[in-house]
Amino acid sequence: MYRLLIVLVAAAGASVLGFPGQGGSRAAAGPCVAPLQWEGRWVMYDHSTGRNSRAAVSYDGLNQRVRVLQQHKKHTPCQRFYEYIYLYQSMVMFQIDQKTKDCSKLALTDSFDPFDIPDNSTFEDQYFIGGPDDNVEVQEWSDRKPARQHETWVGVYTKKDCYPVQETYTKNSSVTTSTRFFNLQLGISDPDIFSPPSTCQSARLERMAETVC
């Protein structure tokens, strides 16, 4: 399935460099284990619409919950900004208007897809993001298999602590979403952010529009 809205391929403002002896294609013993709870930001690019979506994100893999708070952009006056709360154990998603607090409650049709590297993933590459004296070593994994020519998912994770850096999904050989992650911090600062506001007690059952004009 696709990541929520979901999900990344080129790190913002950074070039990807692999140097002999400093990364490059070295075989990995196996996928690292990604953190189960973190907060940070992402930029998701939807290739079908050509739009970037910037958001603050709280990820709780232990309880299968994700909260996405869209960031306001002054150059899009007609844009409506929402808070999304995904509760996969209940298979529901709440869409909350950040300004009016209007709420929609929608059924989730896809199961929880954690931000991690599946055990059966294929190792693709290992390299540094950045330049000399200012870089981070990462590993690239995919769901490519010998019987299938093209992958449908590529994930880039830091080698040291297994933080997500980039994820890309494709369908029918075309990229659908690309997401890059940054400013990640371990843990959840406020568990209550996964609780929908009182306005959701009388939530509508249809999705609200992205624009108002």
Side-chain angles (χ1 to χ4, degrees), residues 1-14 16 23 26 28-45 52-72 82-90 93-94 96 98 108 110-121 123-131 133-143 153-169 177-197:
M1 66 167 272
Y2 309 132
R3 289 268 188 241
L4 312 170
L5 317 176
I6 348 21
V7 200
L8 4 162
V9 322
V16 178
R26 294 202 296 263
C32 56
V33 178
L36 290 174
Q37 293 181 321
W38 51 260
E39 293 181 319
R41 296 169 60 196
W42 76 28
V43 177
M44 187 184 347
Y45 180 67
N52 281 300
S53 177
R54 299 177 181 272
V57 181
S58 297
Y59 169 73
D60 180 7
L62 285 173
N63 299 293
Q64 299 186 0
R65 305 181 295 184
V66 182
R67 184 250 199 172
V68 177
L69 185 67
Q70 290 183 320
Q71 294 183 329
H72 293 256
Y82 295 102
E83 173 185 2
Y84 295 91
I85 300 175
Y86 297 82
L87 305 176
Y88 282 92
Q89 291 183 348
S90 301
M93 182 269 282
F94 293 93
I96 302 124
Q98 292 186 32
L108 290 172
D110 292 321
S111 59
F112 181 66
D113 187 3
F115 289 111
D116 65 2
I117 307 170
D119 290 337
N120 61 349
S121 298
F123 175 75
E124 298 289 355
D125 206 351
Q126 182 167 310
Y127 46 81
F128 287 94
I129 294 177
D133 302 320
D134 187 13
N135 54 51
V136 176
E137 191 169 15
V138 299
Q139 290 186 342
E140 183 177 301
W141 297 80
S142 78
D143 63 352
W153 166 81
V154 176
V156 178
Y157 283 71
T158 61
K159 182 176 182 291
K160 180 182 177 182
D161 296 313
C162 210
Y163 286 110
V165 175
Q166 309 169 42
E167 285 205 348
T168 303
Y169 278 87
T177 56
S178 304
T179 309
R180 57 184 185 266
F181 303 82
F182 49 96
N183 292 353
L184 300 190
Q185 299 288 333
L186 283 178
I188 303 297
S189 58
D190 180 10
D192 288 340
I193 62 174
F194 296 106
S195 299

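The backbone N or O of Tyr163 sits nowhere less than 3.5 Å from a side-chain atom of Asp161 that would complete a donor-acceptor pair.
Taking the side-chain contact (heavy atoms from CB on, under 4.5 Å) definition, one finds that Val136 meets it with Val138, Thr158, sequence neighbours left out. For Tyr82, the side-chain hydrogen bond (donor to acceptor under 3.5 Å, both in side chains) partners two or more places apart in sequence, or in a different chain, are Arg80. Evaluation of the side-chain hydrogen bond (donor to acceptor under 3.5 Å, both in side chains) rule for Ser121 yields no partner, not counting sequence neighbours. In this structure, the side-chain hydrogen bond (donor to acceptor under 3.5 Å, both in side chains) partners of Gln98, at least two apart in sequence or on a different chain, are His72. For the side-chain hydrogen bond (donor to acceptor under 3.5 Å, both in side chains) test, residues two or more places apart in sequence or in another chain that qualify with Ser142 are Glu124.
Side-chain contact between Arg67 and Glu83 is present, with heavy atoms from C-beta onward closer than 4.5 Å. For the pair Ser53 and Gln70, the minimum side-chain heavy-atom distance is below 4.5 Å. Two residues are said to be in side-chain contact when any heavy atoms from C-beta on lie closer than 4.5 Å; Cys162 and Ile117 meet this criterion. With a 4.5 Å cut-off on side-chain heavy atoms, Val165 and Tyr157 do not count as touching. Within the 4.5 Å cutoff, the side chain of Asp60 has heavy atoms near those of the Phe194 side chain. You'll find the side chain of Glu137 stays beyond 4.5 Å of the side chain of Lys160, heavy atoms only. At least one side-chain heavy atom of Pro118 sits less than 4.5 Å from a side-chain heavy atom of Trp153. Side-chain contact between Gln71 and Arg41 is present, with heavy atoms from C-beta onward closer than 4.5 Å.
Under the 30°/60° scheme for interplanar angles, the aromatic rings of Phe115 and Trp38 are found to be tilted.
Remark: the Asp143 side chain and the Tyr169 side chain contain no N/O donor-acceptor pair separated by less than 3.5 Å. In this model, a donor atom of one side chain and an acceptor atom of the other lie less than 3.5 Å apart for Gln126 and Gln139.
Minimum interatomic distance between Val154 and Glu140 (heavy atoms only, all atoms of both residues): CG1-CG, 3.7 Å. Contact between Pro196 and Phe94 at its shortest, heavy atoms only, is CG-CE1, 3.7 Å.
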Under 3.5 Å donor-acceptor pairs involving side-chain atoms of residues 183-190, not counting sequence neighbours:
from, atom 1, to, atom 2, distance (Å)
Ser189, OG, Glu39, OE1, 3.0
Ser189, OG, Glu39, OE2, 3.3
Asp190, OD1, Asp192, N, 3.1

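Centroid-to-centroid, the aromatic rings of Phe123 and Trp141 come within less than 6.0 Å.
If you take CD1 on Ile85 and CE on Met93, they are separated by 10.5 Å, rounding to the nearest 0.5 Å.
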